[in-house]
Number of protein chains: 2
Amino acid sequence: MNNLGDNISLIEKRHLKEAEQILKLLSNPARLQMLYILEQQELSVSAIGELLNLEQSVVSHHLAILRKFQLVNNKRVGKAMFYRLDDPHILDIVTETIEHADHVLRGKPHGK
Amino acid sequence: MNNLGDNISLIEKRHLKEAEQILKLLSNPARLQMLYILEQQELSVSAIGELLNLEQSVVSHHLAILRKFQLVNNKRVGKAMFYRLDDPHILDIVTETIEHADHVLRGKPHGK
DNA sequence: AAAACATATGTTAGTATGTACATATGAATT
DNA sequence: AATTCATATGTACATACTAACATATGTTTT
């Protein structure tokens, strides 16, 4: 009468919650691209918008989220605001995920 | 009159979309735990529910999602359905994220 | 100090996601 | 073959996200 499942370790609740937030934050194409390009180069808000074809307010909103989680920081240069990566470690997750995506695309596509 | 931002590589659209889906799928505490425990041991639906304190239908719904993305597979044993990890690579992303979460929790908490 | 520029923030509407409950399927037991 | 057990699936509601638009803030230029 044993369902098994003893001796199994779980993710701690606080870790789980934090991980969930991080992943939710990353699961957006605009923010993924932003982190990806900001790792390569410091960029102004308008430059980001042009590169990614996004409206100004959309870019700002996304950057606000990334700022809140301290994944990026910014400095003012004249009127412009330049952003750069603040957390190199987050990029590991991004690149790992892109690699995974690449594997999936090469191999087994998951159907409807 | 140059915003800079030349010579910057972007994530390809299809990779981006795939990555987004994967991350969305992972950004859920129940599914994270499921992947985490299924890496340790094959488990039945009811065992998963007991371990994670989740209702049967909730577990099934989540498993259906994981199945759709071929992160888990299942085999029937009598009445029970046993699930196991189908994609070990996905665990790299999970553990990397948990580690990141741990760093965040130790160090800099991100405010409201 | 007014105008123009760059960015940030508030608000709203459409859409997606998660959970709960009800029902269906499919296997084993009697 | 009817009942029970384990799991799956359908549906509805409440919540969360994203993008669009409007407006506000802060800086430079004239």
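Letters A, B, ... mirror the listed sequences (proteins, then strands); counts begin at 1.
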- Query: Once the angle between the rings of A:His103 and B:His89 is folded into 0 to 90°, is it parallel (under 30°), tilted (30 to 60°) or perpendicular (over 60°)?
  - Reply: tilted

- Item | Residue closer to the 5' end of DNA chain C, A:Ser60 versus A:Lys24 (nearest nucleotide) | A:Ser60

- Message: Please confirm whether the shortest side-chain N or O distance from B:His62 to OP1 or OP2 of C:dT17 is below 4.0 Å.
- Response: no

- Do B:Gln56 and D:dA8 have a side chain to base donor-acceptor pair shorter than 3.5 Å? yes

- Message: Would B:His61 count as stacking on C:dT19 if stacking means ring centres less than 5.5 angstrom apart and planes tilted under 30 degrees?
- Response: no

- Return the value, rounded to whole Å, for the distance between atom CZ of A:Arg76 and atom C1' of D:dT28. 10 Å

- Query: When the distance from CZ of A:Phe82 to C1' of C:dC5 is rounded to whole Å, what number comes out?
  - Reply: 14 Å

- Item | Among C:dA20, D:dT7, D:dA20, the one nearest A:Glu55 by side-chain distance | D:dA20

- Short side-chain N/O contact to D:dA6 OP1/OP2 from B:Tyr83, under 4.0 Å: no

- Item | Side chain of B:Arg31 - closest among C:dG18, C:dA20, D:dA8 | C:dG18

- Quickly work out the A:Leu23 CG to C:dG18 P distance and round it to whole Å. 13 Å

- Item | Integer-rounded Å distance: D:dT27 C1' and A:Lys75 NZ | 17 Å

- Between D:dT18 atom C1' and A:Met34 atom CE, what is the distance in whole Å? 12 Å

- Item | Separation of atom CD1 in B:Ile65 from atom P in D:dG10, rounded to whole Å | 13 Å

- Message: If I compare all heavy atoms of A:Ala101 with all of B:Ala19, which pair ends up nearest, and what's the gap?
- Response: CB-N, 3.9 Å

- Given DNA chain D, 5'-ward residue of the pair B:Asn74 and A:Ala30, judged by closest heavy atom: B:Asn74

- Output for pair (A:Leu91 CG, A:Leu32 CG), nearest 0.5 Å, gives 10.0 Å

- Message: Below the 4.0 Å mark, does C:dT7 have OP1 or OP2 next to a side-chain nitrogen or oxygen of A:Ser46?
- Response: yes

- Query: Between D:dT7, C:dT7, D:dA20, which nucleotide gets closest to the side-chain atoms of A:Ser57?
  - Reply: D:dA20

- Query: In terms of side-chain geometry, is the basic nitrogen of B:Lys24 or B:Glu20 positioned less than 4.0 Å from the acidic oxygen of its partner?
  - Reply: yes

- Just how far, in rounded Å, is P of D:dT9 from NZ of B:Lys68? 13 Å

- Message: By nearest atom, which of the nucleotides D:dA20, D:dT9, D:dC17 is closest to the A:Val58 side chain?
- Response: D:dA20

- Spatial distance of atom CG (B:Asp86) from atom CG (B:Leu66) [nearest 0.5 Å]: 11.0 Å

- Message: For the residue pair A:Arg84 / A:Asn73, report whether a side-chain donor-acceptor contact shorter than 3.5 Å exists.
- Response: yes

- Would you indicate, yes or no, if D:dT7 has its OP1 or OP2 atom less than 4.0 angstrom from a side-chain nitrogen or oxygen of B:Arg67? no

- Atom CE of B:Met81 and atom C1' of C:dT25 are separated, to the nearest Å, by 10 Å

- Query: Which residue, A:Asn28 or A:Lys79, contacts DNA chain D at a nucleotide closer to its 5' end, judged by nearest heavy atom?
  - Reply: A:Asn28

